[in-house]
Amino acid sequence: MPELPEVEAVRRQLVALILDRTVERVRVHRRDVVRDPRGRRQGRLAGEQLGVDRVIRSIDRRGKQLIIEFDDDRGLVIRLGMSGRIESGDAKRRRSVPLHRHVAWTIAGGSDRPAIRMEFIDPRRFGGVHLFEGSEDRDQRVLRNLGPEATLIDGKALGERLKGSRRAIKAVLLDQQVLAGIGNIYADESLFRSGIRPDRPAVDLSALELERLARSIRTTLGLAIDAGGTTLRDHRLPDGSAGTFGSGHLAYGRSGQPCTRCQRPMTACVVAGRSTTWCESCQA
DNA sequence: AGGCTAACCTGGCAGC
DNA sequence: TGCTGCCAGGTTAGCC
């Protein structure tokens, strides 16, 4: 589910809620969603590895991954996979426990504010929580092989990343080693906005087209972030609200519906093994 | 190199 | 109502 805009919207809410606060305790309800610093899903987990008694020093994002760092240089990389989400709220408030809640942190309150509950919920369990020991371990082991941030890409840099590949441009956009953050929704949206067919060999794009595509990527992601992302089903912001960018989709999920530019029906096909929607007359 | 498939999982929905 | 099959925001491994 969550691509860069969804994760970024989650990150922004978390910053407002828990940055610079102390982790009071953590409960792991499903051990195998957590990978320890050796990449294992089994074995003993000390609370301190998940931040207990540590101050949350930073909350960052790299591509689709959320990065929470503690004041002892350890931290977590949270991958939301297809159906993962972070839920956050007043720890004292009683409510029914969400289904598929795998990890729960309690963030200490103070005299002026309540303790906060932060939970990792993921029905399909394609996501997970990866523990790291320090910035070097984080970059070399957990976040390795990620391309540059899609929000920052320009035409020239995009061209350099493609390295003359003959792969379909959509396949390349989905490749996190080439560019970090784009998934199926925003690939279709960016290609539609730039008027480029999803199955064009990347190497065939002109400098002008690369510039247009890069600009479309930045614009699309920016609008989506501001809207809190796209909620198809599972995506929620930590406060429980839904992302509203779905109503701004021009391509994704609109197969058979009239193109917003030319009114002809949008076409569905499969590119890079993913369902793809595009307009045969507006995208060349 | 890269395309294709299956696998990892649960749940929602359409169709019968 | 209830069953079956298909589909889904992602990623990885294995095979040609």
Side-chain angles (χ1 to χ4, degrees), chain A residues 1-11 29-35 39 41-42 61-66 77-86 98-102 120-130 141-147 150 161-191 198-204 217 220-221 223-225 227-237 242-249 251-256 268-277:
Chain A
M1 130 221 171
E3 305 179 33
L4 185 155
E6 289 74 33
V7 179
E8 177 60 18
V10 167
R11 188 193 71 82
H29 294 97
R30 188 163 183 132
R31 179 63 184 83
D32 63 2
V33 305
V34 180
R35 300 265 198 142
R41 309 177 100 116
Q42 304 299 331
R61 179 191 55 72
R62 187 79 174 80
K64 304 172 187 175
Q65 10 257 314
L66 188 66
V77 168
I78 300 179
R79 298 193 171 128
L80 296 175
M82 287 283 258
S83 60
R85 66 181 204 268
I86 299 292
L99 213 54
H100 308 297
R101 176 206 60 178
H102 307 310
F120 171 67
I121 301 159
D122 184 10
R124 293 177 74 180
R125 274 179 279 131
F126 290 174
V129 177
H130 298 245
R141 186 178 53 84
V142 190
L143 298 179
R144 69 182 185 283
N145 295 335
L146 280 180
R161 297 301 296 170
L162 304 183
K163 294 191 189 93
S165 168
R166 294 213 60 82
R167 302 162 75 189
I169 183 62
K170 174 164 173 173
V172 178
L173 293 180
L174 291 173
D175 186 338
Q176 302 301 297
Q177 299 194 35
V178 171
L179 196 60
I182 295 183
N184 206 30
I185 295 177
Y186 300 105
D188 278 11
E189 292 301 311
S190 301
L191 288 164
D199 58 354
R200 282 269 299 282
V203 71
D204 290 355
I217 289 169
T220 305
L221 296 180
L223 291 170
I225 290 168
T230 298
T231 294
L232 296 177
R233 172 170 306 142
D234 301 295
H235 169 60
R236 286 286 183 283
L237 295 169
T244 59
F245 191 67
S247 56
H249 290 181
Y252 180 87
R254 298 195 70 253
S255 89
C269 66
V270 173
V271 177
R274 310 295 299 277
S275 71
T276 298
T277 306

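Worth knowing before you read on, the calculation uses all heavy atoms, side chains too, and leaves out hydrogens, waters and symmetry mates.
One can place CG of A:Leu66 at 16 Å from P of C:dG10, the figure rounded to the nearest angstrom. B:dG2 atom P lies 14 Å from atom CG of A:Leu173, rounded to whole Å. To the nearest angstrom, P of B:dG2 lies 18 Å from CZ of A:Arg274. Distance, A:Leu162 CG to B:dA1 P: 16 Å, rounded to whole Å. As a whole-Å value, the separation of A:Tyr252 OH from C:dG9 P is 4 Å. Summarising the geometry, the separation between CD1 on A:Ile185 and P on C:dC7 is reported as 18 Å, rounded to the nearest angstrom. One atom, CG of A:Asn145, and another, P of C:dA13, lie 11 Å apart when rounded to the nearest Å. Per the geometry, CG belonging to A:Asp234 stands 13 Å off C1' belonging to C:dG10, to the nearest Å.
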**Message:** For Watson-Crick and G-U wobble pairs within 3.5 Å on both distances, what is DNA chain C written in dot-bracket notation, | included for inter-strand pairing?
**Reply:** .|||||||.|||||||
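Using a 4.0 Å heavy-atom criterion, one finds that A:Tyr186 contacts no nucleic acid atom at all.
Taking 4.0 angstrom as the limit, A:Lys64 places a side-chain polar atom (N or O) nearer than this to OP1 or OP2 of C:dG10.
Residues from residues 175-182 of chain A with heavy atoms under 4.0 angstrom of DNA chain C, sorted by number: A:Gln176.
Nucleotides B:dA6 and C:dC6, compared at atom C1', are 16 Å apart to the nearest Å. Nucleotides C:dT1 and B:dT10 place their P atoms 25 Å apart, quoted to the nearest Å.
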Between the protein and nucleotides 4-11 of chain B, list the N/O to N/O atom pairs that are separated by less than 3.5 angstrom.
{"from": "B:dC9", "atom 1": "O3'", "to": "A:Arg125", "atom 2": "NH2", "distance (Å)": "2.9"}
{"from": "B:dC9", "atom 1": "O2", "to": "A:Arg124", "atom 2": "NE", "distance (Å)": "2.8"}
{"from": "B:dC9", "atom 1": "N3", "to": "A:Arg124", "atom 2": "NH2", "distance (Å)": "3.4"}
{"from": "B:dT10", "atom 1": "OP1", "to": "A:Arg125", "atom 2": "NH2", "distance (Å)": "2.9"}
{"from": "B:dT10", "atom 1": "O3'", "to": "A:His100", "atom 2": "NE2", "distance (Å)": "3.1"}
{"from": "B:dG11", "atom 1": "OP1", "to": "A:His100", "atom 2": "NE2", "distance (Å)": "2.8"}

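Contact check for A:Thr231 versus A:Leu237: no side-chain heavy atoms found under the 4.5 Å cut-off. A:Val33 places a side-chain heavy atom less than 4.5 Å from the side chain of A:Phe120. Put simply, the side chain of A:Glu189 reaches to within 4.5 Å of the side chain of A:His249, judged on heavy atoms.
Counting non-hydrogen atoms of other residues, nucleotides and ligands closer than 6.0 Å to CZ of A:Arg166 gives a total of 12 or fewer.
Side chain of A:Glu3 to backbone of A:Ile185: a donor-acceptor contact under 3.5 angstrom is found. A donor-acceptor pair is defined here as one N or O able to donate and one able to accept, closer than 3.5 Å; such a pair exists between the side chain of A:Thr276 and the backbone of A:Arg274.
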